[in-house]
Amino acid sequence: MTFIDFEGTQLIDSDESFMRMALTEAKRALEEGEVPIGAVVVHKGRVIGKGHNLTQRLNDVTAHAEMQAFTAAANYLGGKYLDECTLYVTIEPCIMCAGAAYWTHIGKIVYGAKDEKRGYSHFHDKILHPKTVIVQGILEEECADLVKSFFRQKR
């Protein structure tokens, strides 16, 4: 489903469509030799932040896809709170990114595949802001396969 905003810009309203954008970001990470995780932040049907893992390139363990997307979105909005936004991320956020999501007051998190080893819910499922809505499993198989194939090639 698409909408047109007051400026005539086409807006998309579909978890699957936005997850595909996050997958595009994940594929950019893969091309750069990074763990292929991608994220986009959406506000009122418009992507306002996106990112992919940059930990190798930046030599920074905190340069996860979600952190890149949060920073871009906050800069776009001119404020640190993302309570009217949705984060789309290909893999369940780690505990660090979930903590950052808490501080942004993100309204909704949609993720593709669970991360059974490092996902936030494995450690503590109450780390997110209490008003944050969670949706999981959007394009789950495609998201999981991308990461699995990356690690198979590393072995």
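This is a predicted model, so every value here is computed, not measured. Starting from 1, each residue takes its place in the sequence as its number.
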Could you tell me which non-hydrogen atom of Val135 sits nearest to which non-hydrogen atom of Lys108, and how far apart they are?
CG2-CE, 3.7 Å
Carboxylate-amine/guanidinium contact Glu31 Arg28, below 4.0 Å:
no
Might you point out which heavy atoms bring Cys143 and Ala113 nearest each other, and give the distance in Å?
CB-N, 4.1 Å
Validation row: Val110, Leu87 side chains within 4.5 angstrom (heavy atoms):
no
Check the pair His64 / Ile37 against side chain to side chain contact (heavy atoms under 4.5 Å, CB included), numbers first and verdict last.
CA-CA 8 Å; His64 289 195; Ile37 297 174; over 6 Å; no
Shared ILVMFWY cluster between Trp103 and Met67, side chains joined below 4.5 angstrom?
no
Apply side chain to side chain contact (heavy atoms under 4.5 Å, CB included) to the pair Tyr88 and Glu25, showing each step before the final yes or no.
CA-CA 11 Å; Tyr88 291 86; Glu25 286 297 312; over 6 Å; no
Is a side-chain donor-acceptor pair under 3.5 Å present for Ser121 with Lys114?
yes
With the 4.5 Å side-chain cut-off for hydrophobic clustering, are Ile48 and Tyr81 part of the same group?
no
Please work out whether the ring planes of Tyr111 and Tyr120 are parallel, tilted or perpendicular, with thresholds of 30° and 60°.
perpendicular
Indicate yes or no for a side-chain donor-acceptor contact from Thr132 to the backbone of Ile106 under 3.5 Å, with no hydrogens or angles considered.
yes
Which pair of heavy atoms, one from Pro36 and one from Phe150, lies closest together, and at what distance?
CD-CG, 3.4 Å
Is any side-chain N of the basic residue among Arg57 and Glu32 closer than 4.0 Å to the acidic one's carboxylate O?
yes
Can you list the steps and then say if Val41 with Thr86 is a side chain to side chain contact (heavy atoms under 4.5 Å, CB included)?
CA-CA 6 Å; Val41 174; Thr86 300; over 6 Å; no
Heavy-atom nearest pair, Ala98 first then Pro93, reads N-CB, 4.1 Å
Taking atom NZ of Lys80 and atom CZ of Phe70, what is their separation to the nearest 0.5 Å?
14.5 Å
Exercise: identify the closest heavy-atom pair between Asp115 and Glu92
N-OE1, 3.0 Å
Rounded at 0.5 Å granularity, tell me how far OG1 in Thr104 sits from CD1 in Ile109.
7.5 Å
Rounded distance (nearest 0.5 Å) linking atom CZ of Arg118 with atom CE of Met96
12.5 Å
How far apart are the closest heavy atoms of Gly51 and Ala69, and which atoms are they?
N-CB, 4.1 Å
Judged by atom type as modelled, is there a donor-acceptor pair below 3.5 Å linking the side chain of Glu34 to the main-chain atoms of Gln56?
yes
Side chain proximity check, Tyr102 to Cys97, heavy atoms < 4.5 angstrom:
no
Between the side chains of Asn53 and Thr55, does any donor sit under 3.5 Å from an acceptor?
no
Going through the checks in order, is the side chain to side chain contact (heavy atoms under 4.5 Å, CB included) test met by Leu54 and Gln68?
CA-CA 8 Å; Leu54 293 172; Gln68 306 303 312; 3.7 Å; yes
Side chains of His122 and Glu116: closer than 4.5 Å at any heavy-atom pair?
no
Quick one, Cys85 and Leu77 - any side-chain contact, counting heavy atoms below 4.5 Å?
yes
Do His105 and Leu82 have side chains that approach each other closer than 4.5 Å (heavy atoms only, starting at C-beta)?
no
Nearest 0.5 angstrom please: Leu23 CG to Asp145 CG, how far?
10.5 Å
Atom pair CD/CG of Gln153 and Leu30 - distance to nearest 0.5 Å
7.0 Å
Cluster link Leu146 to Phe151, ILVMFWY, side chain under 4.5 Å
yes
Side chains of Met19 and Glu140: closer than 4.5 Å at any heavy-atom pair?
no
Less than 4.5 Å apart, any side-chain heavy atom of Glu84 and any of Lys44?
yes
Glu16 with Arg20: basic N within carboxylate O range, under 4.0 Å
yes
